[in-house]
Asker: 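Could you have a look at this structure, given as structure tokens, before my questions?
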Amino acid sequence: MVRYDRIIPPGGKGRITLEINSNTVRGKFEKKAVVWSDDTEHMSVALYLRGQILPHVGLEPGGYISLWGVQGKTIEAHVDITNNHKAPMKITRVLHDMGSHVKWTLTPVRPGYAYRLTVFDQSKSPGEYSGHFRLETDLSQKREVTIIVNGMVRAEAVK
Amino acid sequence: MNGGFIFEMVRGSDGWKGPETMIGKWWSKRNAGKFLFFWVFLFLLGSGPLAGAAEGPLIRMDETIYTFPPVFEGEKVSHTFTVFNRGDGVLHIRKVHPS
């Protein structure tokens with residue numbers, strides 16, 4: 001969003017305010033805005049905003065889990081959950097909507113600050129499925145964390 | 001005789017006279033004052049206070065890059081740049097285009 005003074009008298013000064021929606025930007029960013037004026041020598045001036053937007057809770061490698069593999073083999077994947085605040089965070093509840101397709105473990109790597117959610121495929125037959133994990137926390141800024149799961153289990157090749 | 005043309009050759013009683021002689025004559029006829037006034041006027045028009053009158057608006061900014069400290073998602077991220085008009089005409093900001 002941009003707000004600015006349109007007319008500046010000789011010898012005067014004005015303001016140009018640039019605003020960034022931090023809900024849609026993640027990580028390091030650089031935003032540019034070009035100012036166009038009737039100064040014939042400098043008709044355009046480029047302005048830059050730089051910085052870093054931190055998530056309250058970080059998910060590595062991302063907010064998704066892929067469980068792809070062959071039936072009968074171990075199919076598992078994990079997501080590391082990091083609390084970026086100074087105050088510790090507890091994960092108070094773990095819910096998912098995939099029934100008997102998966103089982104999971106939650107391991108505190110650094111209690112209060114880092115956890116690992118490991119998900120194992122438990123499908124009894126080949127096929128695809130998808131669903132979500134919902135992690136509830138006691139962090140006031142982030143009460144809930146969602147992780148998407150996508151499963152694809154192939155039948156074992158016949159020899 | 002020469003109609004005011006300083007490089008015109010004229011024939012006098014002692015023969016043809018070249019440009020050097022004619023320039024001397026023209027200079028001695030108090031045209032030097034006019035000549036000097038003309039060139040001083042041109043100099044003032046080109047580089048003196050008269051030239052500054054057509055300056056117009058001049059946009060100046062003390063900063064064009066701002067780096068935020070790291071912030072959490074959802075927090076307000078905004079910065080106000082100050083723009084100065086150092087010229088003598090009104091400055092119009094026509095558009096600020098984010099990209």
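The chains referred to below are lettered A, B, ... by the order of the sequence lines, with proteins before strands, and numbering in each begins at 1.
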Asker: Write down the atom of B:F81, the atom of A:Y48, and the distance for their closest heavy-atom approach.
Answerer: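 So the two residues come closest at CZ-O, 3.7 Å.
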
Asker: May I ask you to name which of A:D5, A:N21, A:T17 has the most heavy-atom pairs under 4.5 Å with chain B?
Answerer: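 Among the listed options, the one with the most contacts to chain B is A:T17.
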
Asker: Quick one: are B:S78 and A:L18 in side-chain contact, heavy atoms under 4.5 Å?
Answerer: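 Side chain of B:S78 against side chain of A:L18, heavy atoms only: no contact under 4.5 Å found.
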
Asker: Side chains of B:V77 and A:E19, heavy atoms from C-beta outward: is any pair under 4.5 Å?
Answerer: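 No; the side chains remain at least 4.5 Å from each other.
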
Asker: First locate atom NZ of B:K95, then atom CZ of A:R6, and finally report the distance between them rounded to the nearest 0.5 Å.
Answerer: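 One gets 12.0 Å once the value is rounded to the nearest 0.5 Å.
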
Asker: Side-chain heavy atoms under 4.5 angstrom apart, residues restricted to Ile, Leu, Val, Met, Phe, Trp, Tyr: same cluster for A:Y129 and A:F133?
Answerer: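 Linked within one cluster.
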
Asker: Is it the case that more than 12 heavy atoms not belonging to B:F72 sit under 6.0 Å from its CZ atom?
Answerer: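 Yes, enclosed.
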
Asker: Backbone N or O of A:G12 within a donor-acceptor pair of the B:N85 side chain at under 3.5 Å?
Answerer: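 Here the side-chain-to-backbone pair does not exist.
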
Asker: For the atom pair CD1 (A:I16) and OG1 (B:T80), what is the distance rounded to the nearest 0.5 Å?
Answerer: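 Rounded to the nearest 0.5 Å, the CD1-OG1 separation comes to 10.0 Å.
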
Asker: For chain B, which residues from residues 73-109 of chain A lie under 4.5 Å away (heavy-atom distances)?
Answerer: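 Within residues 73-109 of chain A, near chain B: A:N84, A:H85.
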
Asker: Less than 4.5 Å to any heavy atom of chain B: does that hold for the side chain of A:K28, its backbone, both, or neither?
Answerer: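 Neither part; nothing is under 4.5 Å.
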
Asker: Counting only non-hydrogen atoms closer than 4.5 Å, does A:R3 touch chain B with its backbone (N, CA, C, O), its side chain (CB onward), both, or neither?
Answerer: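 Interface part for A:R3: neither.
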
Asker: Report yes or no: do A:I148 and A:V153 belong to one cluster of Ile/Leu/Val/Met/Phe/Trp/Tyr joined by side chain heavy-atom distances under 4.5 Å?
Answerer: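 No, it is not one cluster - the side chains of A:I148 and A:V153 are not joined through contacts under 4.5 Å.
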
Asker: With the 4.5 Å side-chain cut-off for hydrophobic clustering, are A:V2 and A:M43 part of the same group?
Answerer: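 In one cluster with A:V2: A:M43, no.
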
Asker: Using the rule that two of Ile, Leu, Val, Met, Phe, Trp, Tyr join whenever any of their side-chain heavy atoms come within less than 4.5 Å, decide whether A:V34 and B:L91 are in one cluster.
Answerer: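 Cluster IDs for A:V34 and B:L91 differ.
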
Asker: Over all heavy atoms of both residues, which pair between A:D38 and B:V90 is shortest? Give the atoms and the distance, please.
Answerer: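 Closest pair (atom of A:D38, atom of B:V90, distance): OD2-O, 3.7 Å.
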
Asker: Measure the NZ-CE distance between A:K13 and B:M61 for me, rounded to the nearest 0.5 Å.
Answerer: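 Atom-to-atom, A:K13:NZ and B:M61:CE are 12.0 Å apart.
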
Asker: Examine A:Y4 and A:L49 and state if one hydrophobic cluster contains both, with Ile, Leu, Val, Met, Phe, Trp and Tyr joined whenever side-chain heavy atoms are less than 4.5 Å apart.
Answerer: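 Yes, it is one cluster - the side chains of A:Y4 and A:L49 are joined through contacts under 4.5 Å.
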
Asker: Please determine whether side chain to side chain contact (heavy atoms under 4.5 Å, CB included) holds for the pair B:V71 and A:L54, giving the CA-CA distance in whole Å, both sets of side-chain angles, and the decisive distance to 0.1 Å.
Answerer: CA-CA 6 Å; B:V71 296; A:L54 299 171; over 6 Å; no

Asker: Please say whether more than 12 non-hydrogen atoms of neighbouring residues, nucleotides or ligands are located less than 6.0 Å from CZ in A:R15.
Answerer: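 Not more than 12 within 6.0 Å, no.
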
Asker: Without swapping roles, check the side chain of B:E73 against the backbone of A:I53 for a donor-acceptor pair under 3.5 Å.
Answerer: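 No, because the side chain of B:E73 does not come within donor-acceptor range (under 3.5 Å) of the backbone of A:I53.
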
Asker: Mind listing the closest non-hydrogen atom pair of B:V96 and A:A33 along with its distance?
Answerer: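 Here B:V96 and A:A33 meet closest at CG1-CB, 4.2 Å.
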
Asker: As an exercise, state the distance from NE2 of B:H92 to CD1 of A:I8, rounded to the nearest 0.5 Å.
Answerer: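 The distance works out to 10.0 Å.
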
Asker: Look at A:P9, A:G51, A:S44 and state which one has the largest set of heavy-atom pairs under 4.5 Å with chain B.
Answerer: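 Maximum pair count with chain B is reached by A:P9.
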
Asker: Over all heavy atoms of both residues, which pair between B:T64 and A:A46 is shortest? Give the atoms and the distance, please.
Answerer: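 Reported closest heavy-atom pair: CB-O, 3.5 Å.
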
Asker: Taking all atoms of both residues into account, what is the closest heavy-atom pair of A:H42 and B:I59, and its distance?
Answerer: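 Minimum heavy-atom contact is O-CG2, 3.6 Å.
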
Asker: Considering residues, nucleotides and ligands other than A:E41, do more than 12 of their heavy atoms fall under 6.0 Å from its CD?
Answerer: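 Open.
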
Asker: Are any non-hydrogen side-chain atoms of A:V35 and B:V83 less than 4.5 angstrom apart?
Answerer: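 Answer no - side chains too far apart.
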
Asker: Is a side-chain N or O of A:S22 found less than 3.5 angstrom from the main chain of B:E75, in a donor-acceptor match?
Answerer: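 Flag set: sc A:S22 to bb B:E75 pair under 3.5 Å.
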
Asker: Of the non-hydrogen atoms in B:E63 and A:L47, which two are nearest, and what is the gap between them?
Answerer: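 Residues B:E63 and A:L47, closest heavy atoms: O-CD2, 4.3 Å.
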
